[in-house]
Amino acid sequence: MAQKPSIPKGTRDFTPSEVAKRNYIFDVVKKHFQIFGFQPIETPSFENSETLMGKYGDEGDRLIFKILNSGDYLKKVDEELYSSKNSTKITPKISEKALRYDLTVPFARYVVMHQNELNFPFKRYQIQPVWRADRPQKGRFREFYQCDADVVGSNSLLQEIELVQLYDAVFTDLKLKGATIKLNNRKILAGIAEVIGAKDLLVDFTVALDKLDKIGEEGVKKEMLSKGISETAIEKASPLFNLSGSNVDQLQMLGELLKDSEEGTKGVDELCFIVEAVASLGLQSCNLAIDVTLARGLNYYTGAIFEVSAPKGVSMGSIGGGGRYDDLTGIFGLKDVSGVGISFGLDRIYLVLEELSLFPKAIDRSLDVLCLNFGNMEGLAALKLTTVLRNAGIKADLYPSAAKLNKQFKYANSRNVPYVILLGEQELIDGSFVVKNMESGTQQTYSIDNAQEFVATL
RNA sequence: GUGGUUGUAGCUCAGCUGGUUAGAGCGCUGGAUUGUGGUUCCAGAGGUCGCCGGUUCGAACCCGGUCUUCCACCCCA
């Protein structure tokens, strides 16, 4: 029996128009990746489970799609383990592969496996889908694309500066004005935790701090208290809650707060360097803002942390993120290779551009010219003309049957075709064809032997 | 994973307190118009009311389950 087809939760089909818009973003991002000297790689859509598991924290493990083993996968589970119903213990027995959760960890694996072939510093970009078993909501999907650019093998802060420029270049090209590149540094967060005497609670401290603009100062303090951070520690950290002023002002205050922490001071120095350099280089359409509450990806970032938020007034989570990780390849056995990278969230950028109507107007124009079909002889002549146009690189098509002109014109309309060519009985005799401009409604006649004359007007 | 929300024609949505044959706009098809689209007019097609079960004389409407959508957590692009 025929059943109603459906697709899994959090996945999508894309229409021709959507694909055109997505490709537009891909092309812009890719172009700037290449201009900045990044090279493309691809990795498999699924990895060995042990490559992925444990790299994103407990929460991440939960969100990784596991692939069931082929064959009689329950055979390897002994009776005792089976009856224990312990999912975390049974999972590795019945699933040895998992879908890619992001592009960074597979890249680290790639670098380690190919270390002898790579020329460091290695700048790679990668545009591929990733999968997360998350609960979907607006801008959150279970299958989505990440566009990553990372540099490994250089600990120069110039890389961070270039990555800020790369964000700016892409968003400028996309005509997206007013995106904010938020910048923080893991060392600053560690320094604060150290200074207030909560060094071992760094992650809890920063996760709570991250929610400042969402749940407010009181909410953050409450969460910190519940995580076991002392009242006096919170009191010491309270200047952070009201940090304001320019980037330079904020860094000055942070420098003061962290003067007794070597690590924190180093973080402040790093940010100062980046902020000053970016200020002197200038940005075209993005803002750069220090944000000490920014605390994403702490599982592996060690230095700079980036996150890009959409322009004000657009309700959308971050549209990009990234950071510096000094030891990501360490977990795969390659020490002392520093990496830094950023990611563009294609699906979210799409939603933002759509909301702000920033896609180029003619982006889903799939045809430049449609030849109408008047019958056997005329149709054949029109196909010849279509071929000439195609050879000239014009997106041209011939309506396949001699349907009523009304219908053929309506088809041209729905396809958004700017020019329609009429080649009927009379034109066949005259050796001509008529071009109708569908927007203005005007018509012009050209000689069939001189189609170039028409081509030149396009 | 927790709590909530949504689902009716291809699309956007009405549908009263449970009551006969479930409606509109847009789109689609045909015609006015066999060589001229967008505007207009006329006609028509199209729905197991997400799915499964229950309550009831009777369910699009009430109840349970399930899937899906969106939202808030968690986390994150």
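Keep in mind the model is a prediction, meaning the values are calculated, not measured. Throughout, protein chains are lettered first and strands after them, A, B, ... in sequence-line order, and every chain is numbered starting at 1.
- Distances from the side chain of A/Lys407 to the nucleotides B/rC76, B/rU29, B/rC75 place B/rU29 closest.
- The distance from atom CG of A/Asn406 to atom P of B/rG38 is 6 Å, rounded to the nearest whole Å.
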Pairs under 3.5 angstrom, nitrogen or oxygen only, protein versus nucleotides 5-12 of chain B, please.
none

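- What you find for A/Phe36 and A/Glu162 is that their closest heavy atoms are CE2-O, 3.5 Å.
- Computed from coordinates, the A/Arg132 CZ to B/rC75 C1' distance equals 9 Å when rounded to whole Å.
- Proximity of A/Asp150 to A/Leu103: side-chain heavy atoms (C-beta onward) are nowhere separated by under 4.5 Å.
- Where pairing requires Watson-Crick or G-U contacts shorter than 3.5 Å, the helical stems of RNA chain B with at least three consecutive pairs are B:1-4 with B:70-73, B:10-13 with B:23-26, B:28-32 with B:40-44, B:50-54 with B:62-66.
- In the interface, the side chain of A/Arg415 is not paired with the base of B/rG37 through any donor and acceptor atom under 3.5 Å apart.
- Between A/Tyr350 and A/Tyr145, the ring centre distance reaches or exceeds 6.0 Å.
- The CD atom of A/Glu143 sits 21 Å away from the P atom of B/rC76 (whole-angstrom rounding).
- Distances shorter than 4.0 Å separate some side-chain N or O of A/Gln137 from OP1 or OP2 on B/rA72.
- The distance from atom OH of A/Tyr301 to atom C1' of B/rC76 is 11 Å, rounded to the nearest whole Å.
- No close placement of the A/Phe38 and A/Tyr125 rings is indicated, their centers lying 6.0 Å or farther apart.
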